[in-house]
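All remarks here apply to the structure that follows.
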Amino acid sequence: MPRFSKSVRVPYSTTQAFDLVSDVARYPEFIKWITALRVSDHRVDETGVRHCRGDAVVGFKGFVERFSTTVTADVSEGAVIASLIKGPFRHLKAEWAIMPLERGGCDIALQINYEFRNVLIAMLAAANHDIAVDRIMSAFLSEAHKRYGSSPSASVPG
């Protein structure tokens, strides 16, 4: 099963990073291949973890696909997880982990495990998954800069 991951160190607080990553409804504003997204079934469980459903339309290189995920956002763990409900995948799980740094800022890690049902789409995805994960992370970093500018913890160690 294809799997890819990327981690970046950012000058933003864990709260800022978590707010950005868990703001699923705004993904189409900054991730260009998400052409439509409807978020529904919002609820907060007894531990404070937020849950919702995301129904997305994604267009890439002439292909248009629709899929649905359940999204769990746990601020205490710094985790946002999207798991497949239905769509063109056999399996899909995207996991964001946000970890504070001692001297300010945080690390943001994204890991995606997926398998497409359609062989042609699977081949296209396999040929482009490194580019895709880089573009996803770049889109989030650009949006963070737009929302938060340079935060006070901008001198994060490398």
Side-chain angles (χ1 to χ4, degrees), residues 1-45 48-75 77-99 106-149:
M1 179 173 345
R3 164 183 289 182
F4 59 90
S5 61
K6 178 126 182 147
S7 181
V8 295
R9 183 158 288 175
V10 297
Y12 307 107
S13 71
T14 55
T15 300
Q16 289 170 319
F18 183 83
D19 288 349
L20 174 64
V21 170
S22 66
D23 192 2
V24 178
R26 290 184 64 188
Y27 282 12
E29 294 175 21
F30 59 93
I31 301 175
K32 301 210 182 322
W33 59 80
I34 299 178
T35 59
L37 179 65
R38 183 174 56 96
V39 179
S40 61
D41 300 335
H42 296 271
R43 69 179 178 83
V44 179
D45 68 23
V49 176
R50 299 184 332 233
H51 304 268
C52 68
R53 175 185 173 123
D55 296 296
V57 178
V58 177
F60 183 73
K61 291 195 175 191
F63 289 95
V64 175
E65 292 291 343
R66 300 177 194 292
F67 65 95
S68 300
T69 59
T70 183
V71 179
T72 304
D74 185 345
V75 71
E77 294 293 322
V80 178
I81 300 170
S83 301
L84 182 67
I85 296 173
K86 67 178 183 174
F89 302 93
R90 282 195 178 97
H91 174 79
L92 172 66
K93 188 171 189 178
E95 298 180 69
W96 291 91
I98 300 157
M99 296 142 294
C106 64
D107 283 336
I108 302 173
L110 169 61
Q111 180 173 303
I112 301 176
N113 300 317
Y114 68 95
E115 184 177 4
F116 281 100
R117 294 180 199 281
N118 180 301
V119 175
L120 181 60
I121 294 173
M123 289 177 9
L124 177 65
N128 291 287
H129 76 262
D130 288 332
I131 294 167
V133 74
D134 287 342
R135 287 189 180 162
I136 290 169
M137 196 60 83
S138 291
F140 276 90
L141 294 174
S142 293
E143 183 64 16
H145 185 71
K146 267 198 245 176
R147 288 189 192 186
Y148 309 123

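Any value given below was found using the heavy atoms of this structure, including those in side chains, with hydrogens, waters and symmetry copies removed.
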Item to check | Heavy atoms of other groups near Arg66 CZ, more than 12 under 6.0 Å | outcome: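 Atom CZ in Arg66 is not crowded, with 12 or fewer foreign heavy atoms closer than 6.0 Å.
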Checklist entry - Of all residues at least two apart in sequence or in a different chain, which pass the ring pair (Phe, Tyr, Trp, His ring centres under 6.0 Å) check with Trp33? => result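 Checked Trp33 against ring pair (Phe, Tyr, Trp, His ring centres under 6.0 Å); zero matches.
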Checklist entry - Sequence neighbours excluded, which residues qualify as ring pair (Phe, Tyr, Trp, His ring centres under 6.0 Å) partners of Phe18? => result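 Expected list: none.
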Can you name the nearest heavy-atom pair linking [X] to [Y], along with the distance?
X      : Y      : value
Val71  : Ala82  : CG2-CB, 4.2 Å
Glu65  : Pro88  : OE1-CB, 3.3 Å
Leu110 : Ile136 : CD2-CG2, 3.7 Å
Glu95  : Asn113 : OE2-ND2, 4.4 Å
Ala94  : Ile112 : CB-CG1, 4.0 Å

So do the side chains of [X] and [Y] get within less than 4.5 Å of each other, counting heavy atoms only?
X     : Y      : value
Asp19 : Val75  : no
Val10 : Cys106 : yes
His91 : Leu84  : no
Leu92 : Phe67  : yes

How far does [atom1] of [X] sit from [atom2] of [Y], to the nearest 0.5 angstrom?
X     : Y      : atom1 : atom2 : result
Ile34 : Tyr27  : CD1   : OH    : 7.5 Å
Thr14 : Met99  : OG1   : CE    : 11.0 Å
Ser7  : Gln111 : OG    : CD    : 11.0 Å

For [X], what residues pass the side-chain contact (heavy atoms from CB on, under 4.5 Å) criterion, not counting sequence neighbours?
X      : result
Ser142 : none
Lys32  : none
Ala144 : Tyr12, Leu20, Tyr148
Thr70  : Ser83, Ile85

Item to check | Listed once per pair and sorted, the salt bridge (charged side-chain N to carboxylate O under 4.0 Å, His left out) pairs that draw on residues 78-92, sequence neighbours left out | outcome: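 Found Arg90-Glu115.
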If the condition is salt bridge (charged side-chain N to carboxylate O under 4.0 Å, His left out), which residues does [X] pass it with, not counting sequence neighbours?
X      : result
Asp107 : Arg9
Glu29  : Arg26
Lys146 : Glu143

Validation: residues 49-58 side-chain donor-acceptor distances under 3.5 Å, sequence neighbours left out:
{"from": "Arg50", "atom 1": "NH2", "to": "Ser22", "atom 2": "OG", "distance (Å)": "2.8"}
{"from": "His51", "atom 1": "NE2", "to": "Asp45", "atom 2": "OD2", "distance (Å)": "3.0"}
{"from": "Arg53", "atom 1": "NE", "to": "Asp55", "atom 2": "OD1", "distance (Å)": "3.0"}
{"from": "Arg53", "atom 1": "NE", "to": "Asp55", "atom 2": "OD2", "distance (Å)": "3.2"}
{"from": "Arg53", "atom 1": "NH2", "to": "Asp55", "atom 2": "OD1", "distance (Å)": "3.1"}
{"from": "Arg53", "atom 1": "NH2", "to": "Ser68", "atom 2": "OG", "distance (Å)": "3.2"}
{"from": "Asp55", "atom 1": "OD1", "to": "Ser68", "atom 2": "OG", "distance (Å)": "2.3"}
{"from": "Asp55", "atom 1": "OD2", "to": "Arg38", "atom 2": "NH2", "distance (Å)": "3.1"}

